[in-house]
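Please read the structure below before turning to the comments.
Read the numbers this way: they start at 1 and go in the same order the structure lists the ligands and their atoms. These numbers come from a predicted model, not from an experiment.
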Amino acid sequence: MTQPEFPIPVCVLGATGSVGQRFISLLDGHPWFDLVAVAASSRSAGKTYGEAVRWSLPEPMPKRVASMVVRSADDIPRVEGRIAFSALDSDVAGPIEKAFAADGRFVVTNAKNHRMDPRVPLIVPEANADHLTLLESQDFGEGRILANPNCSTIGLVLALKPLADSFGFKRASVTTMQALSGAGLGGPTAFGMTDNLIPFISGEEEKLENETKKILDDAHCIVSAQCNRVGVVDGHTLCISVELENEASAPELIQTWREFRGEPQELQLPSAPKHPTIYIDAPDAPQPRLHRELEGGMATALGRLRECSVLDWKFVALSHNTLRGAAGGAILAAELAVAKEFLPG
Ligand code: NAP
């Protein structure tokens with residue numbers, strides 16, 4: 001790997017939201033990236049970050065960021081940074097991200113708007129680093145757009161990719177139990193979620209079904225998804241049944257997850273977990289409160305592997321939705337793009 005020039009100036013769009021706050025926290029002291037600007041809506045613009053944000057993470061807000069003035073996300077010249085990490089609401093993300101790319105920025109987005117654009121790589125760094133070459137086909141201007149997949153898709157792909165590589169993957173049925181933070185700071189109310197769950201998340205099932213095919217580069221694989229919102233703060237749990245092309249035993253599947261590594265591990269990227277998939281033997285694992293923070297929230301925890309009487313195997317996966325599923329995954333994808341020399345300019 002050739003050494004890029006560090007630090008690289010970066011900005012966060014949508015910096016005040018649930019995912020934006022994770023970016024602020026993860027970028028504090030990052031060895032490669034230097035946060036130089038924060039942006040959000042016109043409601044927040046002009047205030048200091050400390051005034052604009054309703055900070056909701058357990059760690060303190062980085063002091064340096066608290067005093068930064070929030071810019072309006074469409075005020076592009078005043079939002080400096082070669083890499084623009086976007087945690088914008090998808091109602092506004094599409095055109096703003098395109099405008100940043102036209103201005104020569106490398107946009108790494110968590111919003112859904114550009115994910116299924118055939119020119120845009122939808123990256124889970126351990127699974128499809130080779131898709132970064134799509135960046136070369138883009139015509140958004142001097143800049144580029146790279147997309148981070150849906151937060152549940154990332155956990156599903158990390159669970160399936162090792163199995164697909166070793167045994168071939170045909171189809172899966174997945175039922176999710178998704179955390180409240182996945183709905184953003186304006187998500188469901190306490191009244192709606194107490195003594196209750198909501199068996200509907202708009203657009204989520206289609207995202208899991210379609211994004212998985214794009215990432216695994218397999219138009220023939222079939223995923224059927226059912227998505228539920230539950231009263232967990234962070235961490236999406238997925239109950240997965242899977243049919244494989246070739247026979248495998250339970251110890252072989254578990255070993256495959258335990259040995260799985262990708263380019264981020266080979267390149268020793270700063271945000272790469274040592275073990276992207278961790279199988280836990282306890283009969284009642286994984287659980288959100290106990291296992292969502294494994295490897296800094298960047299590992300997918302797996303457990304409860306057993307035979308399925310409909311497909312071949314069933315098991316449970318758990319992935320942190322705002323860390324691996326959003327800000328952490330996006331930062332890791334940016335590190336991969338930098339390491340593989342895809343950063344324009
Ligand atoms: P959120 O908490 O609602 O935050 C939304 C952010 O967008 C805020 O910073 C908000 O700024 C900004 N914003 C809203 N309207 C705007 C406008 N008109 N112009 C500019 N900025 C505007 O949402 P979130 O959960 O962080 O999600 C952010 C994005 O990541 C969404 O596209 C979401 O689908 C995606 N995502 C979320 C998760 C997750 O687990 N939460 C996971 C993966 C992907 P103000 O504070 O100024 O209103």
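Under the 4.5 Å side-chain contact rule for hydrophobic residues, F100 and L27 do not share a cluster.
If you check which protein heavy atom lies closest to atom 3 (O) of ligand 1, you get L185 N, 4.0 Å. Looking at atom 12 (C) of ligand 1, its nearest protein heavy atom turns out to be G14 CA, 4.2 Å. The shortest contact between atom 6 (C) of ligand 1 and any protein heavy atom is with A87 O, 3.6 Å. In terms of protein heavy atoms, atom 34 (O) of ligand 1 is closest to N110 O, 4.6 Å. In terms of protein heavy-atom proximity, atom 37 (C) of ligand 1 is closest to V19 CG2, 3.4 Å. Nearest to atom 16 (C) of ligand 1 among the protein's heavy atoms is S41 CB, 3.6 Å. Atom 23 (O) of ligand 1 has its closest protein heavy atom at G184 CA, 3.8 Å. Here the heavy atom of the protein found nearest to atom 41 (N) of ligand 1 is S181 O, 2.9 Å.
At under 3.5 Å, a nitrogen or oxygen of G17, whether backbone or side chain, sits near a nitrogen or oxygen of ligand 1. Of the polar atoms of I96, none of the N or O atoms is found under 3.5 Å from an N or O of ligand 1, judged by distance alone. No N or O atom of G20 sits closer than 3.5 Å to an N or O atom of ligand 1. Geometrically, ligand 1 and R115 share no nitrogen or oxygen pair separated by less than 3.5 Å. Not one N or O of G325 is nearer than 3.5 Å to an N or O of ligand 1, by distance alone. Checked by distance only, ligand 1 and H236 stay at 3.5 Å or farther apart across all their nitrogen or oxygen atoms.
Those atoms of ligand 1 with a heavy atom of S90 less than 4.0 angstrom away are 32 (O). Near A111, meaning under 4.0 Å from one of its heavy atoms, ligand 1 places the atoms 32 (O). Below 4.0 Å from some heavy atom of N321 lie the following atoms of ligand 1, by number and element: 40 (O), 42 (C). The ligand atoms of ligand 1 that sit less than 4.0 angstrom from a heavy atom of D89 are 7 (O), 14 (C). Those atoms of ligand 1 that come under 4.0 Å of a heavy atom in A326, given as number and element, are 42 (C), 43 (C).
The aromatic rings of F33 and H30 sit parallel, their planes meeting at an angle under 30°, below the 60° perpendicular limit.
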For this session: Determine, step by step, whether K207 and S152 satisfy the side-chain contact (heavy atoms from CB on, under 4.5 Å) criterion, reporting the C-alpha distance in whole Å, the side-chain angles of both residues, the deciding distance to 0.1 Å, and the verdict.
Result: CA-CA 9 Å; K207 287 179 201 165; S152 292; over 6 Å; no
For this session: Please step through side-chain contact (heavy atoms from CB on, under 4.5 Å) for the pair D217 and N128, ending with a clear verdict.
Result: CA-CA 8 Å; D217 230 346; N128 65 337; over 6 Å; no
For this session: Assess whether ring-ring contact (aromatic ring centres under 6.0 Å, His included) is satisfied between W257 and F315, documenting all intermediate values.
Result: CA-CA 12 Å; W257 281 317; F315 56 93; 4.8 Å; yes
For this session: Step by step, work out the side-chain contact (heavy atoms from CB on, under 4.5 Å) result for V338 and F106.
Result: CA-CA 10 Å; V338 168; F106 189 80; over 6 Å; no
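Only the side chain of V92 comes within 4.0 Å of ligand 1, judged by heavy-atom distances. Looking at A39 against ligand 1, nothing comes within 4.0 Å, counting heavy atoms.
Within 4.0 Å of atom 9 (O) of ligand 1, at least one protein heavy atom is present. Within a 4.0 Å radius of atom 20 (C) of ligand 1, the protein contributes at least one heavy atom.
Between L146 and F342, the closest side-chain pair of non-hydrogen atoms is not below 4.5 Å. Between L208 and C227 the shortest side-chain heavy-atom distance falls below 4.5 Å.
With V70, L88, D74, T16 as candidates, the residue nearest to atom 31 (C) of ligand 1 on a non-hydrogen basis is L88.
With respect to D234, the salt bridge (charged side-chain N to carboxylate O under 4.0 Å, His left out) criterion is satisfied by exactly one of R324, R22, R292: R22.
E204 and N150 share a side-chain donor-acceptor pair at under 3.5 Å.
Panel note: side chain K214, backbone R115; a donor-acceptor pair is recorded below 3.5 Å. With S181 contributing its side chain and V233 its backbone, the two residues share a donor-acceptor pair below 3.5 Å.
A salt bridge is absent between E126 and K161; no separation between the charged side-chain nitrogens and carboxylate oxygens falls under 4.0 Å.
Pairs engaging residues 277-291 under the side-chain hydrogen bond (donor to acceptor under 3.5 Å, both in side chains) rule: R258-D281 [sequence neighbours left out]. Residue pairs meeting the ring-ring contact (aromatic ring centres under 6.0 Å, His included) criterion with at least one partner in residues 7-29, sequence neighbours excluded, are F23-F85.
At least one heavy atom of R43 sits closer than 4.0 Å to an atom of ligand 1.
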